[in-house]
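The first residue of the sequence shown is numbered 1, and numbering continues consecutively from there.
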Amino acid sequence: RRELCSTLSNLGLYYSQKGRLQEAIATLEECLVDQRSFLPQNHPDVGSTLWNLGRAYQKGKNITRATELFQECLSVRENSLPATHPHVIAVLNALACIAYDQEKYYESLQMWRRLHDSLTQTSQTEELAAVCHNMGACYAKLSNFDAAEEALTQSLRMNTALYAKGDTRIAMTEQVLHQTRQLKFGH
């Protein structure tokens with residue numbers, strides 16, 4: 001039975017990657033039902049299926065369902081993995097991005113702060129730089145330009161150390177920092 005679920009999960013992921021979202025969702029839903037019949041609620045395989053299913057719904061623009069699945073996935077992963085694990089970080093970041101896209105800036109900022117706190121305990125500098133960038137953009141949306149400038153400057157410093165001059169991550173952060181400073185000083 002476990003091998004069947006593994007096959008269904010892989011097939012659902014394949015369908016999702018190929019853009020065959022209806023088939024992906026149907027296959028992953030079947031996999032999830034099967035997994036829940038014989039695995040503990042917080043089993044990592046259940047978390048992976050919830051993640052893959054959420055991503056398929058997200059690709060299909062069903063953000064409400066994707067958010068529900070990501071929240072359930074986060075609960076599973078937080079109960080089975082440390083807060084600094086890349087799988088926990090990925091889900092929390094996905095939820096923060098969805099909240100930001102829905103203009104729920106306080107909610108997204110709260111999640112990115114959690115990510116920032118977790119990532120500062122690790123050597124995941126690339127992810128920390130991205131979170132600082134996202135926090136800066138969010139602070140700017142909330143008109144907290146000093147906090148935005150601080151977060152974006154931190155992101156730029158990390159990105160400059162990580163990537164070659166001209167890298168898009170550096171350019172994007174420089175652009176948002178420039179826009180933030182213009183807003184801050186009323187230009």
Verify the distance criterion only: is there a donor paired with an acceptor across the side chains of Arg157 and Gln154 at less than 3.5 Å?
no

Any luck finding a side-chain donor-acceptor pair between Gln35 and Thr49 under 3.5 Å?
yes

So do the side chains of [X] and [Y] get within less than 4.5 Å of each other, counting heavy atoms only?
| X | Y | result |
| --- | --- | --- |
| Cys132 | His116 | yes |
| Glu126 | Tyr163 | yes |
| Arg169 | Met172 | no |
| Leu28 | Leu8 | no |
| Leu50 | Val91 | no |
| Arg77 | His85 | no |
| Trp112 | Asn93 | yes |
| Leu128 | Gln124 | no |

Nearest atoms (heavy-atom pairs only) where [X] meets [Y]:
| X | Y | result |
| --- | --- | --- |
| Thr84 | Gln121 | CG2-OE1, 4.1 Å |
| Asn62 | Arg65 | OD1-N, 3.1 Å |
| Asn42 | Val76 | OD1-CA, 3.6 Å |
| Leu95 | Phe70 | CD2-CB, 3.6 Å |
| Asp34 | Cys5 | CB-SG, 3.3 Å |

With rounding to the nearest 0.5 angstrom, report the [atom1] to [atom2] distance, [X] to [Y].
| X | Y | atom1 | atom2 | answer |
| --- | --- | --- | --- | --- |
| Glu23 | Tyr14 | CD | OH | 9.5 Å |
| Thr125 | Asn159 | OG1 | CG | 10.5 Å |
| Leu92 | Leu119 | CG | CG | 9.5 Å |
| Cys73 | Glu78 | SG | CD | 9.5 Å |
| Thr173 | Leu156 | OG1 | CG | 6.0 Å |
| Lys104 | Ile98 | NZ | CD1 | 9.5 Å |

If hydrophobic clusters are built by linking Ile, Leu, Val, Met, Phe, Trp and Tyr wherever their side-chain heavy atoms come under 4.5 Å apart, do [X] and [Y] end up in the same one?
| X | Y | answer |
| --- | --- | --- |
| Val46 | Ile25 | yes |
| Leu177 | Leu162 | yes |
| Met111 | Leu115 | yes |
| Leu81 | Ile89 | yes |
| Leu142 | Met135 | yes |

What do you reckon, are the aromatic ring centroids of Tyr105 and Tyr100 less than 6.0 Å apart?
yes

Against Arg181, only a single residue in Glu174, Glu149, Glu150 fulfils salt bridge (Lys or Arg N to Asp or Glu O under 4.0 Å); can you say which?
Glu149

Between [X] and [Y] (side chain of the first, backbone of the second, donor and acceptor by atom type, cut-off under 3.5 Å), is there such a pair?
| X | Y | value |
| --- | --- | --- |
| Ser16 | Gly12 | no |
| Ser118 | Arg114 | yes |
| Ser155 | Ala151 | no |

Does CZ in Phe38 sit with more than 12 non-hydrogen atoms of other residues, nucleotides or ligands closer than 6.0 Å?
yes

Please check if atom CD in Gln110 has more than 12 non-hydrogen atoms from other residues, nucleotides or ligands closer than 6.0 Å.
no

Show your working on side chain to side chain contact (heavy atoms under 4.5 Å, CB included) between Lys165 and Ile170 and close with a plain yes or no.
CA-CA 8 Å; Lys165 186 176 181 176; Ile170 295 171; 5.8 Å; no

Is there a side chain to side chain contact (heavy atoms under 4.5 Å, CB included) between Thr180 and Val176 once you walk through the steps?
CA-CA 6 Å; Thr180 298; Val176 175; 4.1 Å; yes

